[in-house]
Chemist: 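I have a structure I would like to understand better, so I am pasting it below and will then ask my questions one at a time.
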Amino acid sequence: SIPITSTLICHDKNPNDTESSTTTTKSSTTTTTTTTATTECVFSLKSKAFRSLLSHLLSSPFMDTSSSTTTAITKSNILLETERVQFLTCTHAMADINLRQITNAFTDVVGIGIWKHMPARYRDLETRKVAAYRRRWGAYISTTTNDSLLNSNLENYIPNIVQFFLTILDQMDNIIMKKNTKQEGEKEEEEYKETVAADYEMKESQNSENDNNDTKPQNKATQNDVLLHPATFRFIHAALQLFIDLLSTTSTRRYLRPYLLSINFTVKCTLSSFHSLFYASNDNLIAHNDQQCSPILKEKARLFVKQINMLRDLETFGVVDLTAAPLSTSQMASMYHERAHTLQKLVHRHHSSVFTDLVHLGVSMVCNPTFLGKHLNNVKDIEVLIDIAHRLRLVDRDRDDVLAMRSSSNDGEQSLRTFLIRVLLYHHSLRPSELQVLSRLPLYPDEKLLWDEHRVPPGNRMLLGNKGNSDNMTALALPKLNLQFLTYGDYLLRSFKLIRLESAYSIRGDIVDAIKRMRPAIRQYYHDDQYDDGENDVDSISKTEFHGWARMALELHRSNRSFRGGRKKKRWDEDCPPVKIVKVSPPKLGEHIPSQVLADVTLNLKDCGDEIQKEWDGIGEFDNLFLVAVDATIMTGEAAPLLRDIIPGFESFGDKLKLNKRIPDEEDSTFPERYGVRAVRGCMVLEVRDCEGTLLSDRTSSFQDE
């Protein structure tokens, strides 16, 4: 399809037109008008051609959302839909450049036609609130009475892909987490044997020559293999990346965002077992034919959680979908306060005896997720929650998904109860603004950010996903600098996040280089008074030592004397630790983190050369340093993984890469485990004193006054 697409985009002039334009020099106005009309005609024809091409690529839907019957999930279906999703992602990137041929065709994919699959009660609520939506929906209904196949393929694809996505998550819930008791495990094993026997009899009765391997009834083991295959996770990440890109542009989010909110897409994703897998311990994970499967699943879930957080941030971003007008913090608060007031009036009218305290509280308290969740969890009757969510048009009690959740045998009532509470909290809880989130971020990157390959990826994209995973990631949980943004604040926010991650990437390289040069090692020794005749067991003591040296890295030793105090009071602390916390200031009004943390760091330059001492003596006020805690007792000491174990199809590269070449330590996400890095903290120098306690920095600084 690439040559066809490139041919459709090109609109070169006809060579005959150039000859005619050079001969007609008198009638310049007429020539310009003719050329413009010809160009518009070419654009129109090629826009229709690309639209038909896009409809052909998205044809033959794998699942019809209007019917209750669904096809079996096979590996071929997943691979096909992954390619389609990636094609749409590339098409959206081209549409972002304002190519008219692609933009006109792509607007039908995310146009108002997807509202056909929206719940009718929620769609009626949206059209009542916004007059522009009401006019456009009425115009769409009046003009699409005889819907063509071309329009149907484009408008139905996003709802189909969403339904297919949620179906995969629902089927993965039963195979990711173990059962809590052995009795349930035994029952499951018996059911599995019965299912396998029934499927075997069914297969024997069918003609094997006329059946395709993908259309055969799959037993439970085969279905588990498909759902836990790397292709399935690749589809999940690619689909979420597509939704994130569509919500990041004003022209594609105005109809997609209400549709995702109407089906509670984000809430269903957060309630899935794949989402909770990231927060679960490794003991609760299954060993799917491999002991390393559990870490791989958890690493896949890490990217899934980060993508869901990005999707939730875009759904609640402060911008008007229809007009792209930015909303301030006070306007967002007023919108959520209005929702809370509507909830209070509904509860007071229909369930005043259940919510006696919620009715008379302020809207700011109702918008607090902790407070509102406490009141909702105290409701014992699930019919009350169903009635509230139904009257608010957040959930339709007659929809198939709600009925299926309630009629499920495994804790159906509890699952539905959790779902309703999460939906009510998602639509009524006021989330902190972007400014508040940024104010809580640390000034310096820590060890979690530095070696998070999904936020600070390696320089080589092929090395992504090297924590025991041979299948490379196809998506990153990073913002994109497109040509279009939601607001000016959105542009500044994305730029800040990318610059922060870029600086973290360079800091990680410097820290890795210093740790490698220091060569940490473990030393075991015994106290002299512990040696006996050899009959008693003696416990060994382990200690971390450094057998190397680095020019700009020093080991912090415990000093015998350390100066403490200001200008008025001076004292010496005997046997002072190398890092000592002096003061932790309380948080400022409206904040939740300490306003300042002061510590004394003692450096011993006795064993350094003259040149190195001069460089360390040059460190002054407001310089930045990093404190790295290395514990050799937890380091594995293994070498970096081989490239052939990370890059799929490594042998096809030939002589470009050596077969035994290893991943650079700067790009290896397993470096903290290999070298025992426990913590990384940044600091800024406020004052410098010598061994006698003499102040060497500026005496007129603000820190001295404090």
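All of these numbers come straight from a predicted model, not from anything done at the bench.
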Chemist: Looking at side-chain heavy atoms only, is the closest gap between H117 and N156 below 4.5 Å?
Modeler: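 They are in contact (side-chain heavy atoms under 4.5 Å apart), so the answer is yes.
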Chemist: Are F233 and F304, when compared by the centres of their aromatic rings, separated by less than 6.0 Å?
Modeler: no
Chemist: Return the CD1 to CG distance between I158 and L88, rounded to the nearest 0.5 Å.
Modeler: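 I158 CD1 to L88 CG: 6.0 Å, rounded to 0.5 Å.
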Chemist: Within a strict 4.5 Å, meaning less than it, do heavy atoms of the E667 and V512 side chains meet?
Modeler: no
Chemist: Please work out whether the ring planes of F265 and F165 are parallel, tilted or perpendicular, with thresholds of 30° and 60°.
Modeler: tilted
Chemist: Can you tell me which residue among D321, V110, L260 is in a side-chain contact (heavy atoms from CB on, under 4.5 Å) with L247?
Modeler: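 Going through the options one by one, the only one that passes is L260.
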Chemist: Is the shortest side-chain N to carboxylate O distance from E666 to R508 below 4.0 Å?
Modeler: no
Chemist: Are the side chains of F626 and C683 in touch, meaning some heavy atoms are under 4.5 Å apart?
Modeler: no
Chemist: Begin from the C-alpha positions of Q484 and T250 and carry the test side-chain hydrogen bond (donor to acceptor under 3.5 Å, both in side chains) through to its verdict.
Modeler: CA-CA 8 Å; Q484 299 179 9; T250 55; 4.8 Å; no
Chemist: Looking at Y336, I'd like to know if the NZ or CZ of R339 sits under 6.0 Å from its six-membered ring centre while staying within 45 degrees of the ring's axis.
Modeler: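 So R339 does make the cation-pi contact.
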Chemist: Looking at R128 and D124, is any side-chain nitrogen of the basic one under 4.0 Å from a carboxylate oxygen of the acidic one?
Modeler: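 Result for this pair is yes, salt bridge flagged.
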Chemist: Quick one: pull up NZ in K497 and CZ in R455 and give me the separation to the nearest 0.5 Å.
Modeler: 8.5 Å
Chemist: Could you tell me if the ring centre of W115 sits under 6.0 Å from that of Y133?
Modeler: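 Yes, the ring of W115 comes within the 6.0 Å limit of the ring of Y133, centre to centre.
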Chemist: Run the ring-centre check on Y675 versus F671 and record whether the distance is less than 6.0 Å.
Modeler: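 Yes, the ring centres sit under 6.0 Å apart.
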Chemist: Side chains of F87 and E83: closer than 4.5 Å at any heavy-atom pair?
Modeler: no
Chemist: Once you measure the plane-to-plane angle for F485 and Y491, does it fall in the parallel (<30°), tilted (30-60°) or perpendicular (>60°) bin?
Modeler: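 Rings of F485 and Y491: perpendicular, as their planes differ by over 60°.
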Chemist: About how many Å separate OG of S439 and CD1 of I593, when rounded to the nearest 0.5 Å?
Modeler: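 Interatomic distance, I593 CD1 to S439 OG, rounded to 0.5 Å: 6.5 Å.
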Chemist: Closer than 4.0 angstrom, basic N to acidic O: yes or no for R84 and E81?
Modeler: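 Looking at R84 and E81, the cut-off is met.
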Chemist: Are D665 and R674 within salt-bridge range, i.e. N to O under 4.0 Å?
Modeler: yes
Chemist: Salt bridge check: are R440 and E591 linked by an N-O gap of less than 4.0 Å?
Modeler: no
